[in-house]
Structures are given as C-alpha cells and as structure tokens.
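See below for the structure under consideration.
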Amino acid sequence: MKTECIYVDDDRRERILYIDELVTVEYSNDEIHYMNNDSRLFREVRRASREHRLFCTCGCGGNLQLVAGDKSTTTHRFFRNYMDSANANCCYDESPLTQKSKILLRTWLNQTLQRDLQNDIPIAEINKGNRRYELTYYAQAYDFGLVYANEAKNIPFEKIQELDEYREMHILYLSDIHNLLQSGQLPVHQIDMQDKQGFCLFLKIADPEKEEYLLSDATLVCMYYIREYLDHGIWIGLPVLEDSITAFSISPQGALCYKGRSVDAFRDTAKEEYIAQLRARIQGEALRGAAGSADGSLPDRSESPKPSDPYRAASTTTARQSSDCREQNVLKSTVKRIIEKRLEKYSDILFDVDTDWLEETVIDGRRCIVLDLDSIDAQNAGILSQMQLYAGARKSITRTGSQILFIGYD
C-alpha cells in the first residue's frame with residue numbers, strides 16, 4: 001500500500017500525487033467519501049494508471065496502479081505495484097495506520113480552516129530559501145503548517161530549529177499515540193516539540209484496519225511534561241485534553257483551540273494543579289522531617305524549614321543555591337542542553353556537559369558561549385568535537401580551531 005505516487009499528466013509533466021487529494025468529506029453524517037468518477041482529477045488519474053503513467057516515489061522506477069472502485073463510498077483506495085512489474089517486491093510501503101492518519105488529518109484541517117491544503121511542501125517553495133525540510137500540510141491563507149510523523153523521532157531537532165526561523169508561520173507538531181510517555185526519560189525530540197508549541201500532541205486512530213473512514217475515529221491527546229520535582233527527577237506526563245479531533249479547531253491566529261478556547265489555557269491549569277500538589281507533598285515531607293528532628297535524627301529544629309511557610313518547606317538551602325545559580329547561568333544551561341541533545345545522536349550513552357567548560361562572552365554586542373576543547377580532558381574533548389555544527393539566520397554553532405562558539409541562544 002502506498003499513499004503517494006509520481007503522476008505524469010498528458011503534457012508529460014511530473015508531480016507527486018497524494019491519495020488524500022482524491023478525498024472529500026460529508027460533514028452531515030461524519031462520513032468521509034472518496035471522490036467518484038465525476039471528478040476530473042479522478043478520471044485523469046484512473047486513465048494514467050491504465051496507461052502506466054504512475055510511478056513509485058522511492059526511485060525504483062516501477063509503475064503503480066490506482067486501486068479504487070467506482071462508488072463514491074469505496075474505502076479501499078491506494079496505490080500499489082503492478083504485480084507483474086519488475087519492482088513488485090519494492091520495499092517502500094505504508095501501513096493502513098499511516099494512510100488513515102494522513103487522510104483524517106487533511107480532512108480535519110480542511111474543515112477547520114476552510115482552505116485547500118498543500119501536501120508535503122518544502123520550505124523553499126514558501127520563502128524561496130534553501131530549506132530542505134517540509135510541512136506535511138500547509139494552508140497559505142493562514143500561513144499555517146502541520147508537521148506529522150508516525151514516529152516522533154522522525155521530527156528531529158534540526159527540523160524544528162530550522163522551521164523556527166520562520167517565526168511568522170504557525171506550525172503544529174503531531175506524532176502517533178504510541179509515542180506517548182506517561183513517565184520516565186522523555187525523548188529529546190519530544191522535549192523540543194513541547195518547547196516550541198507548549199505541549200506534546202498525539203493522534204490516536206480507532207481501528208486503522210476498519211474500512212469506514214469517520215472523522216470521529218481520530219482523537220487528539222494533549223500532554224504536558226514536567227519534571228517530577230520541577231528542576232530534577234524523571235519526567236511526568238500531565239494529561240491536558242483527550243477528545244475527538246472534531247472538538248479541536250485552529251484559530252485565525254494559528255493557535256490550537258478546544259471547543260473555542262485555547263489549549264494553552266488548559267495546559268496552564270494542569271500545570272498549576274500539579275505544582276500545587278507538589279508543594280503540598282513537599283510541605284508534608286518537611287513537616288514529618290521537623291517532627292523527627294526531636295529525636296536527634298535530623299539537624300537542629302532551628303535549621304529546618306518552617307511548616308507554616310510552604311515555599312521554605314519546599315526547598316532546602318542546597319536547592320536555593322542551585323536555583324540562584326541557574327538564574328545566573330540561564331545561557332550556560334541552555335547551551336548545555338543543546339550540546340547534550342546533539343551528542344545524543346552519536347551515542348546511546350548519556351553525556352553530561354559540565355557548565356564549567358562553558359565561558360560566557362560578548363561578540364558584536366551579543367551574549368554568546370565559548371567552549372574551548374583544549375581546556376578540558378582529551379576524552380571529553382574528543383566526544384564534543386563530534387558535535388554537529390549549525391549556521392542559521394539568528395542562531396549558529398561554529399568552530400574556530402579548538403573553540404566552539406554558540407551565538408543566538410540567549
């Protein structure tokens with residue numbers, strides 16, 4: 001099963017054709033129907049299929065055929081290899097889940113935006129820049145793009161960082177529900193997605209193998225991830241929203257809304273509730289610790305946090321010092337995280353950057369960080385030297401001799 005092909009029209013012009021371009025939606029009863037034979041595009045594609053003018057997009061050069069019936073309610077519609085073709089064993093394929101996800105996402109966006117969408121459009125076609133990454137769907141009138149990947153790791157940091165150069169464009173990132181994590185070590189690509197849009201968004205499809213296509217089969221799950229103790233510990237997933245995709249919409253400003261209200265507001269509520277519970281728990285631990293100090297098992301009572309003050313009870317002297325240090329070294333902490341995320345691509349070993357390796361300086365009036373490889377041990381310097389560099393309009397990671405320079409991350 002394939003959801004796309006190279007379509008050669010009657011004038012021998014080539015373009016990539018997506019199966020969801022042959023889809024329309026019946027809003028009255030939630031059913032999604034394929035365009036029938038009265039559609040000009042459908043008739044042209046059917047004829048091109050018979051004349052062997054549909055080709056696989058993987059580069060194998062094999063012909064594809066359109067699998068489709070004559071009725072508008074036919075749900076089995078996709079491209080496949082001709083069985084007698086030399087490339088009948090072409091390894092490029094897509095699952096029913098991927099096909100259904102893309103069709104339902106396109107249908108939902110067409111409904112909420114009331115605009116025709118462009119598929120897999122490269123950034124270069126929008127801003128004429130040399131940009132290799134693409135948007136899964138793009139609505140020009142809204143300057144809104146949606147990036148979807150079945151595997152969240154297929155939306156890498158470099159892609160998010162590059163798309164971030166276009167701050168005027170509104171971009172929504174989604175991945176399949178199997179990427180959802182309740183707690184544990186949050187993958188770096190999901191941290192990046194949450195940093196950009198304020199939450200992680202997952203698409204859940206009910207029974208991908210089912211023949212009928214209903215828009216209500218698609219569910220959006222919104223999660224917000226936060227550290228167990230705010231600044232350390234494992235990540236905790238806070239459920240924000242979960243409902244049919246039809247309950248969500250895109251505002252004229254490009255924001256994701258739930259029943260007319262910004263999803264950001266629901267996220268803030270979930271975050272505030274968690275922090276209140278966390279403070280209450282830490283305060284309870286402090287109270288128990290204060291009670292135990294009478295037995296001499298803890299430091300003198302005068303050194304313990306006052307139970308009546310939840311903010312003092314929620315932090316120790318060490319935590320306060322750590323917090324002060326973080327406030328004074330926000331730029332170093334940001335660069336430390338950037339380095340660790342980039343090095344993660346080269347090794348399964350978690351690499352911890354020492355902020356003492358980072359020196360802050362000012363170049364052309366801009367705060368930046370310098371990492372001098374000669375000033376650290378050879379083993380760590382060898383690992384850091386493998387880090388991928390980056391040159392963007394606002395941010396850059398460049399190297400001169402033994403020094404790596406980070407600009408634009410303040």
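All values derive from a computational prediction rather than experimental measurement. Side-chain atoms are counted along with the backbone in the values below, which use heavy atoms only and exclude waters and symmetry mates.
With sequence neighbours excluded, the residues forming a side-chain hydrogen bond (donor to acceptor under 3.5 Å, both in side chains) with T98 are S95, listed by chain and number. Applying the side-chain hydrogen bond (donor to acceptor under 3.5 Å, both in side chains) criterion to N150, with sequence neighbours excluded, gives no partner residue.
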Check your understanding: How far apart are the C-alpha atoms of C368 and T361, what are their side-chain angles, what is the distance that settles it, and do they pass the side-chain contact (heavy atoms from CB on, under 4.5 Å) test?
Key -> CA-CA 6 Å; C368 58; T361 185; 3.4 Å; yes
Review point. side-chain contact (heavy atoms from CB on, under 4.5 Å) between R399 and L405: does it pass, once the steps are laid out?
Key: CA-CA 6 Å; R399 180 173 177 176; L405 186 64; over 6 Å; no
Review point. Does the pair K204 and D217 meet the rule for a salt bridge (charged side-chain N to carboxylate O under 4.0 Å, His left out), with working shown?
Key: CA-CA 8 Å; K204 181 165 66 176; D217 284 343; over 6 Å; no
Exercise for review: Kindly indicate, with the supporting measurements, whether the criterion side-chain contact (heavy atoms from CB on, under 4.5 Å) is fulfilled by L66 and F79.
Suggested key: CA-CA 5 Å; L66 173 64; F79 304 107; 3.7 Å; yes
Exercise for review: Check the pair D243, L220 against side-chain contact (heavy atoms from CB on, under 4.5 Å), reporting the backbone distance first and the verdict last.
Suggested key: CA-CA 6 Å; D243 205 345; L220 285 186; over 6 Å; no
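A donor and an acceptor atom, one from each side chain of E4 and T57, are located under 3.5 Å apart. Defined by atom type and a distance below 3.5 Å, a donor-acceptor pair is missing between the side-chain atoms of N179 and D176. A donor-acceptor contact under 3.5 angstrom links the side chains of T246 and S244, judged on distance only. For the residue pair D143 and Y138, a side-chain donor N or O sits within less than 3.5 Å of a side-chain acceptor on the partner.
Here the shortest heavy-atom pairing between L181 and Q185 reads CD2-O, 3.6 Å. The minimum heavy-atom distance linking L238 with K271 is given by the pair CD1-CA, 4.1 Å. Nearest heavy-atom pair, L105 versus Y137, reported as atom, atom and distance to 0.1 Å: CB-CE1, 4.1 Å. The minimum heavy-atom distance between Q65 and S49, with the atom names listed, is CA-OG, 3.2 Å. Closest of all the heavy-atom pairs between C200 and Q194 is SG-CB, 4.0 Å. Nearest heavy atoms, L389 versus I397: CB-O, 3.2 Å.
Checked options D372, L373, D377; the residue passing with S375 is D372 (criterion: side-chain contact (heavy atoms from CB on, under 4.5 Å)).
The residues R267 and D264 are annotated as salt-bridged, a charged nitrogen and a carboxylate oxygen being separated by less than 4.0 angstrom. With respect to K100 and D207, no salt bridge is recorded, no charged nitrogen being found less than 4.0 Å from a carboxylate O. Here E360 pairs with R367 in a salt bridge; the nearest charged N to carboxylate O distance falls below 4.0 Å.
Note that OG of S249 is 11.0 Å distant from CG of L109, once rounded to the nearest 0.5 Å. Separation of atoms OG (S402) and CG (L384) is listed at 12.0 Å; rounding is to 0.5 Å.
The ring of Y258 has its center closer than 6.0 angstrom to the ring center of F248.
The shortest side-chain heavy-atom distance between E14 and Y7 does not fall under the 4.5 Å cut-off.
At most 12 heavy atoms of other shown residues, nucleotides or ligands fall within 6.0 angstrom of atom CD in Q140.
When atom types are taken as modelled, the side chain of H170 and the backbone of Y142 share no donor-acceptor pair closer than 3.5 angstrom.
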